[in-house]
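Small disclaimer: the values here were computed from a predicted structure and weren't measured.
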Amino acid sequence: QVHVVESGGGLVQAGGSLRLSCTASGLTFADYTMAWFRQAPGKEREGVACIDQYGMTTRYADSVKGRFTISRDNAKNTLYLQMNSLKPEDTDMYYCAAPRMKYLLPGLENHEYTHWGQGTQVTVSL
């Protein structure tokens, strides 16, 4: 029922920027904390950023703090991740996720998230 779709990934040079988008349907988008995760082959999935249902409270992984900004437009059922000053270490598949529970306290523990998109690839070259 719940369908999550990411877009906006691509190839960019180090220091460049990308903006990822995520649309979610089959749920009341404005009732859910949303999050971005990333994962490389052979690595654990890493929480990148999350945002509460109002778009007021955000949390970021230390590795992206100051470079990435998560935001949302509830009228469009859309989540965004603005990525600036990209580094090769940011190369990953990026996933948009929604949790099982409405009004979840924003966090980056992946076990709390049950609805996942198919991912969008971000590649940052030297």
Side-chain angles (χ1 to χ4, degrees):
Q1 192 73 58
V2 177
H3 189 51
V4 179
V5 180
E6 305 95 336
S7 62
L11 175 64
V12 65
Q13 289 186 309
S17 297
L18 286 171
R19 189 173 78 155
L20 307 184
S21 298
C22 166
T23 59
S25 60
L27 52 74
T28 303
F29 183 77
D31 289 344
Y32 288 83
T33 285
M34 298 291 294
W36 289 98
F37 290 79
R38 63 187 183 184
Q39 188 172 26
K43 300 292 185 68
E44 296 293 321
R45 187 166 294 186
E46 175 191 18
V48 176
C50 61
I51 187 167
D52 80 332
Q53 67 270 27
Y54 301 108
M56 297 298 295
T57 301
T58 59
R59 292 186 177 182
Y60 296 91
D62 288 342
S63 59
V64 308
K65 196 171 297 181
R67 300 188 297 120
F68 291 10
T69 303
I70 188 171
S71 62
R72 66 193 297 159
D73 185 341
N74 286 348
K76 296 181 178 180
N77 290 347
T78 302
L79 178 74
Y80 302 99
L81 185 67
Q82 179 67 46
M83 304 185 294
N84 298 327
S85 302
L86 282 161
K87 304 175 180 179
E89 303 90 87
D90 298 317
T91 294
D92 271 313
M93 187 75 75
Y94 283 71
Y95 298 90
C96 176
R100 177 182 60 83
M101 296 191 303
K102 295 181 178 180
Y103 316 120
L104 181 72
L105 185 68
L108 296 173
E109 297 79 17
N110 61 28
H111 65 89
E112 298 285 359
Y113 294 86
T114 56
H115 306 301
W116 298 84
Q118 79 290 339
T120 186
Q121 178 67 42
V122 172
T123 303
V124 184
S125 64
L126 293 170

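Within the model, atoms CZ of Arg72 and OG1 of Thr58 stand 12.0 Å from one another, a figure rounded to the nearest 0.5 Å. With rounding to the nearest 0.5 angstrom, the CD1 atom of Ile51 is 9.5 Å from the CE atom of Met56. Separating the OG1 atom in Thr91 from the CD atom in Gln121 is a distance of 7.5 Å, to the nearest 0.5 Å.
Listed by first and then second residue, the ring pair (Phe, Tyr, Trp, His ring centres under 6.0 Å) pairs involving residues 15-61 are Phe37-Tyr113, Phe37-Trp116 (not counting sequence neighbours). Sequence neighbours left out, not one pair with a member in residues 43-85 passes disulfide (SG to SG under 2.5 Å). Within the structure, salt bridge (Lys or Arg N to Asp or Glu O under 4.0 Å) contacts touching residues 114-126 (residues at least two apart or in different chains) do not occur.
Leu126 approaches Pro88 most closely through the heavy-atom pair CD2-CG, 3.3 Å. The nearest pair of heavy atoms linking Gly9 to Leu20 is N-CD2, 3.6 Å.
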Checklist entry - So Glu46 and Ser63, side-chain contact (heavy atoms from CB on, under 4.5 Å) or not? Walk me through it. => result CA-CA 10 Å; Glu46 175 191 18; Ser63 59; 3.3 Å; yes
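Side-chain heavy atoms closer than 4.5 Å link hydrophobic residues (I, L, V, M, F, W, Y) into clusters, and following such links, even through other members, never connects Val5 to Val122.
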Distance-only criterion, 3.5 Å: show the donor-acceptor pairs between side-chain atoms of residues 79-87 and protein atoms not counting sequence neighbours.
residue: Gln82; atom: NE2; partner: Asn84; partner atom: OD1; Å: 3.0
residue: Asn84; atom: OD1; partner: Ser17; partner atom: OG; Å: 2.9

Taking distance alone, no hydrogens or angles, what donor-acceptor pairs closer than 3.5 Å link side-chain atoms of residues 92-112 to residues at least two apart or in another chain?
residue: Asp92; atom: OD1; partner: Ala40; partner atom: N; Å: 2.9
residue: Tyr94; atom: OH; partner: Arg38; partner atom: NH1; Å: 2.8
residue: Tyr94; atom: OH; partner: Asp90; partner atom: O; Å: 2.7
residue: Tyr103; atom: OH; partner: Asp31; partner atom: OD1; Å: 3.3

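Residues passing the side chain to side chain contact (heavy atoms under 4.5 Å, CB included) test with Ser25 are His3, sequence neighbours excluded.
In this structure, Asn74 contributes its side chain and Asn77 its backbone to no donor-acceptor pair below 3.5 Å. Of the possible donor and acceptor atoms, none in the side chain of Gln13 sits under 3.5 Å from a partner among the backbone N and O of Ser125.
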